[in-house]
Each structure stands twice: as C-alpha cells, then as structure tokens.
Amino acid sequence: MDWKTLRTTARENFKGACRVCPVCNGVVCASEVPGMGGLATGASFRNNVSALAEVKLSLRTVHAVCQPDPSYSLFGHQLTLPVIGAAIGGIALNMNNAMTESDYAQAVVSGCRQAGTVCMTGDGPVPIVFDSGLAAVRDSGGMAIPIIKPRETEKIVELAKRAEAAGAIAFGIDIDAAALVNMTNAGQPVGPKTKQDLAYIKRHTAIPFIVKGIMTADEAEACRDAGADAIVVSNHGGRALDHTPGTAEVLPYIAEAIAESQMTILVDGGIRSGADVLKMLALGADAVLIGRPLAQGAVGGGAEGVATVLAKIKSELIAAMVLTGTARVTDVSEDVICL
Ligand SMILES: Cc1cc2nc3c(=O)[nH]c(=O)nc-3n(C[C@H](O)[C@H](O)[C@H](O)COP(=O)(O)O)c2cc1C
C-alpha cells in the first residue's frame with residue numbers, strides 16, 4: 001500500500017481526532033483525551049518522544065554485519081521483528097467513529113499477523129471493547145494478547161480465563177489505568193494492585209502474565225517477585241498521569257534492577273521508527289510495543305495499512321542494525337548508543 005495514500009486516507013477518516021502529523025509527538029493533540037492525544041498538558045506523551053530523540057546512535061560500518069536478523073521469540077512464539085501492536089480500545093470515542101470496535105480489533109490483529117508479529121487488544125467500560133478483542137484473538141488462532149483493565153482481582157482472573165479459552169498466547173493488565181474514571185463511573189471499579197494481588201492472578205491463570213504500565217525499578221522488582229512473566233515499561237502513551245518522564249529515561253534503571261531475572265522487558269511510548277526500536281533494545285528492552293502509528297495504519301488502510309506500517313519499521317530496523325553493526329535483536333550492545 002502506498003505510504004502517502006495511507007496517511008491521507010487516515011487523516012480524512014479520523015475527521016480531526018488525529019491529524020496524522022509528520023512526527024507523531026503529542027504536540028497538537030495535547031489534552032485530547034478522549035481522543036488520540038496525551039492527558040492534560042500532554043507532557044507525558046511529549047516526554048516519551050523527546051526522551052527517545054535525546055538518545056544518539058553510534059554509526060559503525062567497519063564490520064561484517066550485512067544481513068542482520070530482526071526475529072524475536074515471545075513466550076516461545078517466533079516473531080519476524082521485536083515489535084508488538086499495543087492495545088488500543090474505545091475506538092468510537094477516541095477516533096471519532098473512524099472504525100467500529102470490532103473492525104479495529106480485527107484490522108490490527110490481522111495486520112500484525114500479516115507482518116509476522118502479534119497485537120495486544122484493549123478493554124473498556126462497555127463489554128464490546130474486550131469482547132471485540134477476544135473475537136480477534138480467536139480468529140487469529142490465539143496469536144494476540146488481551147490486556148485487561150485493573151478491575152477487581154477476581155474479575156481479572158475471570159477475563160483471563162476467557163482469554164485462555166480463546167487460545168491467547170498470553171494476557172496482561174494495564175495496571176496504570178488504576179484511576180480511570182470512565183471505568184469507575186460505569187460501575188466497573190479499577191484500582192492499584194498489591195504484590196499479593198499480582199501473585200494471586202499469576203497463581204490462578206495458566207498463560208503468561210504481563211503487567212503493563214511500570215515506570216519504576218521497585219515496581220518492576222515487585223512484578224518479578226509476584227511471578228509476572230513480563231512487564232511493559234509504559235506510561236500508557238501519556239494518557240494516565242501528566243508529567244511523567246519518557247519511558248526511554250526510566251528503562252535503563254528498570255532493566256538494571258531486574259537484569260538477573262527471567263522476566264521479559266517490553267516498552268512502549270513514542271516509538272516511531274526502526275531506529276527508535278533499536279534504541280529501546282540498547283536501553284534494555286527485549287521487544288517494544290507501538291500504539292498510535294498502527295492506529296493510523298488501521299484507520300488509513302485496515303489490516304493492510306497496519307502491515308504496511310510494520311513493514312516500514314522492519315526495513316528501518318534492519319538498516320539501523322547494519323549501520324550500527326548489530327547482528328541480532330536478541331543481542332544488542334549498549335555500545336550502539338553514543339554517550
Ligand atoms: C486511543 C488510545 C486508546 C488506548 N487504549 C488502551 C487500552 O485499552 N489498553 C491498554 O493497555 N492501553 C491502551 N492505550 C495505550 C497503548 O497501549 C500504548 O501504551 C500507547 O499508545 C503507546 O504509546 P504510542 O501510542 O506513543 O506508541 C491506548 C492508547 C491510545 C492512544
């Protein structure tokens with residue numbers, strides 16, 4: 001699919017909910033929540049993008065890395081690149097009815113499959129959000145990951161069991177949605193979880209458990225101690241709390257704190273190119289999630305649009321690997337970063 005047409009179509013279909021800017025950095029959409037922007041001043045969204053821009057790469061071409069390998073294995077499932085689709089829910093409200101909840105979930109899950117990777121799906125105050133994601137999980141043969149709001153602990157276990165029954169390769173909770181008023185107003189309370197709550201969820205479920213929305217080393221350690229299989233270093237794309245640091249700022253401290261553990265480290269927030277993916281891997285992530293750029297792909301071109309965005313990021317990643325002498329994404333040297 002032609003890149004320019006994809007972006008023009010996305011801009012038209014969003015009808016102002018997302019301007020599909022040349023750089024998706026949260027500047028013009030500050031305070032547009034509901035919408036596609038960042039909460040309040042939009043600082044957390046902007047900090048994600050600016051923190052990554054601060055990281056510089058060392059250009060190296062005196063080496064023999066001509067055909068680097070971008071493939072990555074997530075919980076034993078082979079992916080063609082270390083990039084996973086981020087969960088995005090509430091399509092009608094956030095995207096000006098650009099798509100239905102169900103069409104969006106199908107587009108991102110199937111577009112990620114076409115590109116050789118997996119997508120996370122969302123949850124919200126109305127059942128259609130979680131149910132649309134779960135239907136897409138089922139239709140993809142399980143190659144997707146439902147992310148459940150930090151609801152009452154028993155309810156999380158109940159929804160995780162539905163994810164298991166749908167064949168999902170893993171499930172997660174976006175713990176940083178702990179103060180989401182639209183959930184509480186709809187009679188579906190959300191809130192923080194203790195280490196014991198997390199351990200309880202892990203004990204009562206069978207597929208890998210991901211905690212999404214970790215921004216400090218001590219909470220990453222708590223997730224490790226509770227038995228979580230993965231964390232996502234994330235500030236919810238700047239939509240949970242104003243004035244948090246960018247995820248690229250906190251990632252190295254988190255990675256260092258849990259370096260000895262088996263827990264997978266994922267990260268998201270402001271990742272816009274293959275070079276950004278490589279930066280996050282060099283800062284300590286095993287793989288990354290991408291949100292808004294895939295939403296633009298889905299709204300501009302459905303599953304094909306999502307696959308087009310991912311193909312572009314993959315070719316940029318391969319070029320960045322050649323230009324930094326990185327042979328494999330599973331072994332990215334911190335020397336890739338120029339200090
Ligand atoms: C409109 C919108 C809706 C979102 N809905 C969810 C959701 O239901 N569950 C969730 O875990 N994260 C949700 N997120 C956060 C994303 O999963 C992800 O953390 C964030 O978009 C990453 O930042 P990026 O968009 O800059 O790549 C949402 C983000 C946006 C923009």
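Because the structure is predicted, anything quoted here is derived from the model rather than measured. Whatever order the structure lists them in is the order used to number ligands and atoms, beginning at 1.
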Check: [X] N/O within less than 3.5 Å of ligand 1 N/O:
| X | value |
| --- | --- |
| Ala86 | no |
| Gly122 | no |
| Arg292 | yes |
| Ile290 | no |
| Met95 | no |

Touching ligand 1 at all, [X]? Heavy atoms, strictly under 4.0 Å?
| X | result |
| --- | --- |
| Asn48 | no |
| Gly213 | no |
| Gly270 | yes |
| Met120 | no |
| Asp268 | yes |

Neighbour count above 12 (heavy atom, 6.0 Å) for Gln78 CD = yes
message = Atom CZ of residue position Arg203 - does it have more than 12 heavy atoms of other residues, nucleotides or ligands inside 6.0 Å?
response = yes
Electrostatic pair Glu158:Arg162 at N-O distance under 4.0 angstrom = no
ask   = Salt bridge check: are Lys202 and Asp229 linked by an N-O gap of less than 4.0 Å?
value = yes
[X] heavy atoms, cut-off 4.0 Å: which ligand 1 atoms fall inside?
| X | answer |
| --- | --- |
| Ile147 | 11 (O) |
| Met36 | 1 (C) |
| Ser234 | 19 (O) |
| Gly35 | 1 (C) |
| Asp123 | 8 (O) |
| Arg272 | 24 (P), 26 (O), 27 (O) |
| Lys149 | 7 (C), 8 (O), 9 (N) |

inquiry  = Within this structure, what is the CD1-CD distance for the pair Ile175 and Glu219, rounded to the nearest 0.5 Å?
reply    = 7.0 Å
message = Using the side chain to side chain contact (heavy atoms under 4.5 Å, CB included) definition, which of the options Leu266, Ile258, Thr264, Val267 pairs with Ile231?
response = Ile258
remark   = Correct closest heavy-atom pair for Gly111 and Leu310 would be O-CD1, 4.4 Å
Are a donor atom and an acceptor atom from the side chains of [X] and [Y] found within less than 3.5 Å of each other?
| X | Y | result |
| --- | --- | --- |
| Glu249 | Asn47 | no |
| Asp242 | Thr41 | yes |
| Asn235 | Ser44 | no |

Which residue supplies the protein heavy atom nearest to [atom], what is that atom called, and how far is it?
| atom | answer |
| --- | --- |
| atom 5 (N) of ligand 1 | Gly89 N, 3.1 Å |
| atom 27 (O) of ligand 1 | Gly291 N, 2.9 Å |
| atom 6 (C) of ligand 1 | Ala87 O, 3.2 Å |

key: Donor-acceptor contact present, side-chain Gln188 to main-chain Pro125, <3.5 Å   = yes
query = Taking the side chain from Arg7 and the backbone from Gln296, do they hold a donor-acceptor pair closer than 3.5 Å?
reply = no
task = Identify which of Lys212, Arg239, Gln296 has a heavy atom lying nearest to atom 2 (C) of ligand 1.
result = Arg239
query = Which one of Lys149, Lys193, Arg151, Lys212 satisfies the salt bridge (charged side-chain N to carboxylate O under 4.0 Å, His left out) criterion with Asp174?
reply = Lys149
